[in-house]
Student: 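Take this structure first; my questions come after.
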Amino acid sequence: MSTETVLSVRNLKKYYPIESGALRRVTGHVKAVDDVSFDLARGEVLGLVGESGCGKTTLGRCIVRAIDPTGGAARLVIGEDDTDVDLATASKGELRRLRRHMNMVFQDPFSSLSPRMTVRDIIGEPLRAQGLPAKEIAGRVERIAELCGLNTAHLSRYPNAFSGGQRQRVCIARALISQPVLIVADEPVSALDVSIQAQILNLLQRLQRELNLSLIFVAHDLSVVEHIADRVAVMYVGKIIELAPTESLYKRPRHPYTEALMSAVPKPDPDLRDETIILSGEVASPANPPSGCYFHPRCRYASEICKTAAPPLRETSSGHWSACHFADVLELKGVEAVEERADG
Ligand code: SF4
C-alpha cells in the first residue's frame, strides 16, 4: 500500500429535511452523514463499520454519488496525469465521464443484476456506456470474468442460472471492468451463505492487491473487516468516532463504543461470551441526537462534561483518532485483550 492519497473526503454531509404541517415546512434535519473527513491512500482498504443506521452505507453512496451529498467535498485523483476532481460537486454530465474511475459493489447480488440481460452483457455494460468497440468489450469481459473466477463458457447465461456467490462475482467483475481506482463495497458478503462468504472475501482481497485498488469496505461485522482492512473507521450517528490502523484499533480501541462493538464479536470459547458489553438505552436518533457526546446516554464511562461538550475527533497516538474526552486515559479492551485474559 502506498501513502499517496487517492481520495480526500472533507466535511461531507448528507441531511434529509424533516417536513411537517399542511405547508410541509422544514422543521429539522436527519443528519445521516454529518461532517465526515478522511483520506484514502492508493491500494488501501478502509473498513467502515457501525450499527445499522449509523450512516456508513449513506457515506459510501455519497462518495460515489449514488446519492447527492448535502455539502462537503470528496476529491478523487484520476488518470495518468493525476487530475483531481470533486465527486461531491460534479455535474451530472461530469459524473457520466467520471463513472469509470469509481464503482460500487452492492450487498444483494440478487436484486442488483438485471434478470433480462446475459451475464456477458451485464459485465460489459460500463464499457458500452463508454462507447468502446464491441470486439474490445468482448475481450475485456472474458479477461475480467476469468480473473473473478467465473466460467467463461457460462457468460451467455442469465443471472438466475447462477448461485449467490457466482452472482456476487458477476457484480465484482462489472464493478472492475472499467479499471476504477476506487471501489465502495457495501456489505458485499452479508447476503451470502457463510460457506460462500470466505470465498468472496478472498476474491476481493486478491483482486484488491493485484489491481492495487483503493477499497472502502462497508460492514457491520467487525470480524469480517479485521481480515481485509488496513484501517478501520467506526461510525456512530453519522460521524466517525474512531479511525485507526486495523491492528491498533482491535488491540486497543480508544472509544467506548468501539470497545462495546468488539465485545459483541462472536467468540467460539463459551467462557468469553459473558464479556459482551450490553449497551443500555437506544441508538441515538440522527434527527434529534443527544447534547455533548452523542454516545453519552449509553456510555458506561460518561461523566458530566460528556453531557455538554462534544468531543472532537483527535489524534491520540500516531494515526489513531478518537472522539472521546477520555481516549488517553481509559484502558479499553480490544479483541486480543479479551482472549489473553481468558488464557490467563
Ligand atoms: Fe463516553 Fe464521554 Fe467518551 Fe463520549 S466522551 S465516549 S460519553 S467517555
Side-chain angles (χ1 to χ4, degrees), residues 9-20 26-38 46-63 67 69-72 107 186-187 190 216 218-222 225 232-244 249 253-265 276-314 316 320-330 332-334:
V9 174
R10 290 291 175 273
N11 311 107
L12 204 65
K13 300 179 184 76
K14 179 64 182 175
Y15 295 173
Y16 294 97
I18 302 168
E19 297 172 344
S20 54
V26 175
T27 52
H29 288 91
V30 174
K31 297 180 176 178
V33 174
D34 193 11
D35 213 9
V36 167
S37 300
F38 65 90
L46 177 73
L48 207 51
V49 302
E51 289 167 294
S52 177
C54 69
K56 57 190 189 299
T57 291
T58 308
L59 174 59
R61 288 176 186 224
C62 282
I63 290 169
I67 52 177
T70 308
Q107 178 178 1
D186 182 14
E187 306 252 14
S190 56
I216 296 177
V218 179
H220 65 275
D221 185 342
L222 268 83
V225 169
V232 177
V234 182
M235 288 190 73
Y236 190 73
V237 197
K239 290 180 179 291
I240 290 179
I241 51 94
E242 187 161 12
L243 172 64
L249 186 108
R254 305 267 173 122
H255 195 287
Y257 178 61
T258 312
E259 182 191 44
L261 289 183
M262 297 269 183
S263 77
V265 171
T276 303
I277 298 166
I278 308 293
L279 289 174
S280 58
E282 300 285 313
V283 178
S285 162
N288 185 24
S291 60
C293 173
Y294 288 179
F295 189 57
H296 87 254
R298 307 172 79 196
C299 181
R300 56 184 182 162
Y301 307 103
S303 67
E304 278 309 306
I305 187 177
C306 306
K307 296 178 187 167
T308 53
L313 186 66
R314 63 191 171 85
T316 57
H320 197 137
W321 298 70
S322 169
C324 171
H325 292 305
F326 304 107
D328 303 308
V329 292
L330 289 174
L332 304 176
K333 299 178 189 78

Student: So, taking the atom named CD in E19 and the one named NE2 in H29, what distance separates them when rounded to the nearest 0.5 Å?
Tutor: 9.0 Å

Student: Parallel, tilted or perpendicular: which describes the rings of F295 and H255, with under 30° parallel and over 60° perpendicular?
Tutor: tilted

Student: With rounding to the nearest 0.5 angstrom, report the SG to CG distance, C299 to L330.
Tutor: 7.5 Å

Student: Nearest 0.5 angstrom please: K56 NZ to I240 CD1, how far?
Tutor: 13.0 Å

Student: Say you draw a straight line from OH of Y257 to CD of E51; how long is it, rounded to the nearest 0.5 Å?
Tutor: 3.5 Å

Student: Decide yes or no on side-chain contact (heavy atoms from CB on, under 4.5 Å) for Y236 and R298, but give the supporting numbers first.
Tutor: CA-CA 12 Å; Y236 190 73; R298 307 172 79 196; 3.1 Å; yes

Student: Using the side-chain hydrogen bond (donor to acceptor under 3.5 Å, both in side chains) criterion, which residues pair with S52? Sequence neighbours excluded.
Tutor: none

Student: Please name all residues satisfying salt bridge (charged side-chain N to carboxylate O under 4.0 Å, His left out) with K239, sequence neighbours left out, ordered by chain then number.
Tutor: D34

Student: Residues in side-chain hydrogen bond (donor to acceptor under 3.5 Å, both in side chains) with Y294, at least two apart?
Tutor: none

Student: Evaluate the side-chain contact (heavy atoms from CB on, under 4.5 Å) criterion for residues T316 and S322: first the C-alpha distance (whole Å), next the side-chain angles of each, then the deciding distance (0.1 Å), finally the verdict.
Tutor: CA-CA 7 Å; T316 57; S322 169; 4.1 Å; yes

Student: State which residues pass side-chain hydrogen bond (donor to acceptor under 3.5 Å, both in side chains) with Q107; sequence neighbours excluded, sorted by chain then number.
Tutor: S190

Student: Do you know which two heavy atoms are closest between A323 and P311, and how far apart they sit?
Tutor: O-CG, 3.4 Å

Student: If you measure from CD1 on I216 to CG on L59, what distance do you get to the nearest 0.5 Å?
Tutor: 7.0 Å

Student: Among all residues two or more places apart in sequence or in another chain, which pass the side-chain contact (heavy atoms from CB on, under 4.5 Å) test with T58?
Tutor: K14, Y16, A32, V33, C62, I67

Student: Under the side-chain contact (heavy atoms from CB on, under 4.5 Å) rule, what do V30 and Y15 come out as? Steps first, then yes or no, please.
Tutor: CA-CA 5 Å; V30 174; Y15 295 173; over 6 Å; no

Student: Which residues satisfy the side-chain hydrogen bond (donor to acceptor under 3.5 Å, both in side chains) test with H325, sequence neighbours excluded?
Tutor: none

Student: Thinking salt bridges, do D328 and R314 make one under a 4.0 Å N-O criterion?
Tutor: yes

Student: Taking atom CD of E242 and atom CG of L249, what is their separation to the nearest 0.5 Å?
Tutor: 4.5 Å

